[in-house]
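What follows is one structure encoded as structure tokens, with my remarks underneath.
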Amino acid sequence: MSLVEEYEEGEYERAAKRLKTVEAEVEEGEELEEGEDSDSASPVLLLGGDDDTPVVGGEEKRAQWSSSQYGSKRDNGGDAHRIPPSPVVHVRGLCESVVEADLVEALEKFGTICYVMMMPFKRQALVEFEGVESADKCVACGASEAVYIAGQQAFFNYSTSKRITRPTHSDNPNSGNNVLLLSVQNPLYPITTDVLYTVCNPTGNVLRIVIFKRNGIQAMVEYPFRSIQVLTGNVAQKAKAALNGADIYVGCCTLKIEYARPTRLNVIRNDSDSWDYTKPYLVRRDRGKGRQRQAILGEHPSSYGDNGYGSHCPLLPLSSNNRYKMGSHDIPEVVTYPLPQTSSYMGHGASSSSSVAMVSGLHAKRMNCTRIFNLICLYGNIEKIKFMKSVPGTALVEMGDEYALDRAITHLNSIKVFGKRLNVCVSKQHAVIPSQVFELEDGTSSYKDFAMTRNNRFTSAGQASKNIIQPPSCVLHFYNVPPCVTEEELQQLCATHDVPGFIKYKVFDAKPSSKTISGLLEFETKTHAVEVLTVLNHYQIRIPNGSNPYTLKLCFSTSSHL
């Protein structure tokens with residue numbers, strides 16, 4: 001059994017399960033966390049030209065929650081909804097660039113901090129203090145005066161959790177646990193050992209890296225137990241504090257870090273998915289024939305001299321008060337990176353990495369090939385979709401490239417659609433073959449080819465750059481709708497197709513010459529928004545005396561509320 005297979009079957013599955021347990025623990029009983037954001041503004045999608053592609057523009061205001069507002073909302077339901085004091089504090093209102101070390105720096109004055117769990121996309125975090133008294137001081141101070149974290153005011157309340165779930169080795173950060181488990185959220189661009197080495201090595205000498213790509217992108221990074229660079233404390237502990245919650249690239253590839261169970265990684269080859277920096281003689285895996293994709297960093301950092309960095313730029317944007325230095329190299333303000341791969345471009349990983357997703361947990365009567373396309377096309381081009389006859393409720397989806405597959409898994413795995421929870425993972429198949437075609441329960445075909453459809457949104461570099469990769473939310477952005485369509489007609493469209501109606505409606509101001517309108521629809525829950533998008537995305541709207549129908553296009557908005 002190879003190294004990757006060994007980890008995928010054992011440690012990887014346990015690590016992924018631990019992360020889900022922790023996130024489920026946060027969401028249980030703290031129902032306000034899912035939709036709340038900081039008070040900072042964020043861009044929204046606007047109609048962009050003749051290609052009907054959304055572009056960035058405008059602003060959507062977000063709700064601002066203080067601990068007193070949050071508490072009063074809870075108290076409206078009576079004593080049963082009051083949150084008792086807990087050593088775990090729920091922190092809201094964090095800025096996008098905040099990392100774990102920022103929270104520790106701002107909150108350690110209240111008492112010893114045992115553990116921090118970042119929730120980057122929600123701009124939230126859980127902070128576990130050593131005792132309830134420290135948490136009391138933190139919550140009380142936040143209610144009476146402004147507490148700033150990384151230059152932005154934060155808001156505090158007790159968590160419903162009494163303890164943050166984590167591996168046994170991390171109960172005591174000084175116990176010698178030197179391997180970090182990195183989960184890369186919103187992996188818009190390739191993540192390789194070269195990328196992670198450049199990001200992780202400045203905090204301490206990286207020994208080994210192993211990357212897994214089954215349910216999204218995760219990696220284990222091994223540091224030495226002690227290092228000359230870090231005279232006190234664990235090297236991995238310093239790295240976790242500096243990198244947990246940071247973006248590898250601006251606005252994407254966000255790191256969520258915890259301690260792993262193993263204390264040593266066993267690497268048998270040096271390539272883009274695993275590397276042992278103590279054994280440079282390990283043979284790299286053959287990349288195969290055909291066109292090679294341009295590397296982000298050029299050759300491996302170890303070939304650039306003693307410092308391992310050479311002249312190329314760091315991927316991680318570092319502030320002036322960063323907690324580790326990059327030597328004498330200048331740090332650029334703007335970080336450049338390649339566009340997502342399109343379906344017509346095959347990289348070196350095509351011969352060994354699958355771009356086929358296996359989607360299970362599909363509702364037998366309400367899901368078909370078209371509706372799967374409507375949902376997954378937000379994260380990359382789709383070539384083919386086929387339902388498996390031998391496994392009811394399961395389909396294979398061939399994506400345009402492996403990075404589109406990574407994005408789809410990251411954002412869609414474990415979401416609920418029509419009362420069933422989807423499981424999205426990498427398939428062992430490398431292509432979808434149209435064999436054993438049969439009729440689904442709704443009368444449609446079990447196989448469909450989408451390679452030539454105009455509804456794929458990543459068919460060119462220009463079109464791909466206009467898409468904002470966004471996780472499912474309660475708010476849908478709609479565009480390419482004829483101006484004559486009213487709010488009532490959109491509500492009727494939802495009712496006709498037996499999907500939930502929206503609770504708020506907003507239309508953007510359009511230019512006098514514009515032939516379409518766009519806007520936002522807010523739904524009661526995220527699941528309702530997902531179901532509406534699954535059914536109505538790419539719906540053909542026909543108007544009286546119109547020659548061609550308008551294709552309604554939907555995507556998830558960057559805003560959580562209207």
Side-chain angles (χ1 to χ4, degrees), residues 2-20 22 99-100 118 120 166-167 169-170 177-224 235-237 239-249 252-278 282 285 295-297 300-302 315-316 349 352-353 402-403 405-407 409-410 413 425-426:
S2 69
L3 168 75
V4 175
E5 289 172 342
E6 178 182 343
Y7 272 103
E8 283 183 347
E9 295 298 329
E11 178 60 33
Y12 176 82
E13 295 294 340
R14 290 191 293 271
K17 185 177 181 180
R18 286 201 309 275
L19 286 179
K20 289 182 180 179
V22 172
V99 295
E100 179 180 325
M118 303 294 294
R166 53 201 186 262
H169 284 301
S170 65
N177 187 16
N178 60 311
V179 179
L180 297 180
L181 174 65
L182 280 61
S183 295
V184 184
Q185 301 178 333
N186 195 16
L188 209 57
Y189 305 105
I191 300 298
T192 64
T193 50
D194 292 359
V195 173
L196 293 181
Y197 181 88
T198 304
V199 168
C200 298
N201 197 67
T203 60
N205 185 32
V206 172
L207 301 181
R208 300 169 189 88
I209 297 176
V210 176
I211 298 175
F212 312 102
K213 298 181 179 178
R214 174 172 289 183
N215 295 318
I217 296 181
Q218 286 189 308
M220 290 189 186
V221 178
E222 180 183 346
Y223 288 95
V235 185
Q237 180 184 1
K240 179 176 180 291
L243 300 175
N244 193 11
D247 291 344
I248 295 180
Y249 298 105
C252 64
C253 299
T254 304
L255 293 175
K256 187 172 183 180
I257 305 176
E258 67 166 334
Y259 296 102
R261 287 186 181 275
T263 57
R264 191 185 189 282
L265 301 179
N266 181 29
V267 176
I268 61 176
R269 58 176 174 265
N270 289 342
D271 58 18
S272 61
D273 290 328
S274 62
W275 201 285
D276 188 334
Y277 298 93
T278 67
L282 290 181
R285 182 169 53 191
I296 303 174
L297 305 179
H300 192 270
S302 60
L315 298 182
L316 187 69
S352 58
S353 299
E402 60 187 275
Y403 306 112
L405 174 59
D406 291 336
R407 295 192 294 268
I409 292 174
T410 298
N413 186 40
C425 62
V426 180

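The distance from the CD atom of E100 to the CE atom of M118 is 7.5 Å, given to the nearest 0.5 Å. The line from CG of D273 to CD1 of I209 is 11.0 Å long, rounded to the nearest 0.5 Å. Rounded to the nearest 0.5 angstrom, L182 CG and K240 NZ are separated by 10.5 Å. Distance check, rounded to the nearest 0.5 Å: CG of N266 to CG of D276 gives 8.5 Å. Rounding to the nearest 0.5 angstrom, the gap separating the CG atom in L265 from the CE atom in M220 is 7.0 Å. Rounding to the nearest 0.5 angstrom, the gap separating the CD atom in Q185 from the CD atom in Q218 is 9.5 Å.
I191 is listed as a side-chain neighbour of L196, based on a closest heavy-atom distance under 4.5 Å. Considering only heavy atoms from C-beta on, Y259 comes within 4.5 Å of L180 through its side chain. Using a 4.5 Å heavy-atom threshold, the side chains of Y403 and P190 count as touching. I211 has its side chain within reach of I217: a pair of non-hydrogen atoms, C-beta onward, lies under 4.5 Å apart. Counting heavy atoms from C-beta outward, Y197 and Y277 have side chains that approach closer than 4.5 Å. Residues Y249 and V195 meet the side-chain proximity criterion, which asks for heavy atoms closer than 4.5 Å.
For the pair T203 and V235, the tightest heavy-atom approach, listed with the atom from each and the gap, is O-CG1, 4.1 Å. When all heavy atoms of G245 and T254 are compared, the closest pair comes out as O-CG2, 3.9 Å. What you find for C253 and P187 is that their closest heavy atoms are SG-CA, 3.9 Å. The two residues V99 and A246 make their nearest non-hydrogen contact at CG1-CB, 3.7 Å. When all heavy atoms of P224 and N205 are compared, the closest pair comes out as CD-O, 2.9 Å.
A donor-acceptor pair under 3.5 Å links the side-chain atoms of N244 to the main chain of I257, judged by distance alone. Checked by atom type and distance alone, the side chain of T193 pairs as donor or acceptor with a backbone atom of D271 at under 3.5 Å. Listed for the T278 side chain is no donor-acceptor partner under 3.5 Å among the backbone atoms of L207. The backbone N or O of C200 lies less than 3.5 Å from a partner atom in the side chain of Y223, making a donor-acceptor pair. Between the side chain of N178 and the main chain of A236, no donor-acceptor pair closer than 3.5 Å is present.
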Stepwise, does the side chain to side chain contact (heavy atoms under 4.5 Å, CB included) test hold for V221 with V179?
CA-CA 6 Å; V221 178; V179 179; over 6 Å; no

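For the side chain to side chain donor-acceptor pair (under 3.5 Å) test, no residue two or more places apart in sequence or in another chain qualifies with D406.
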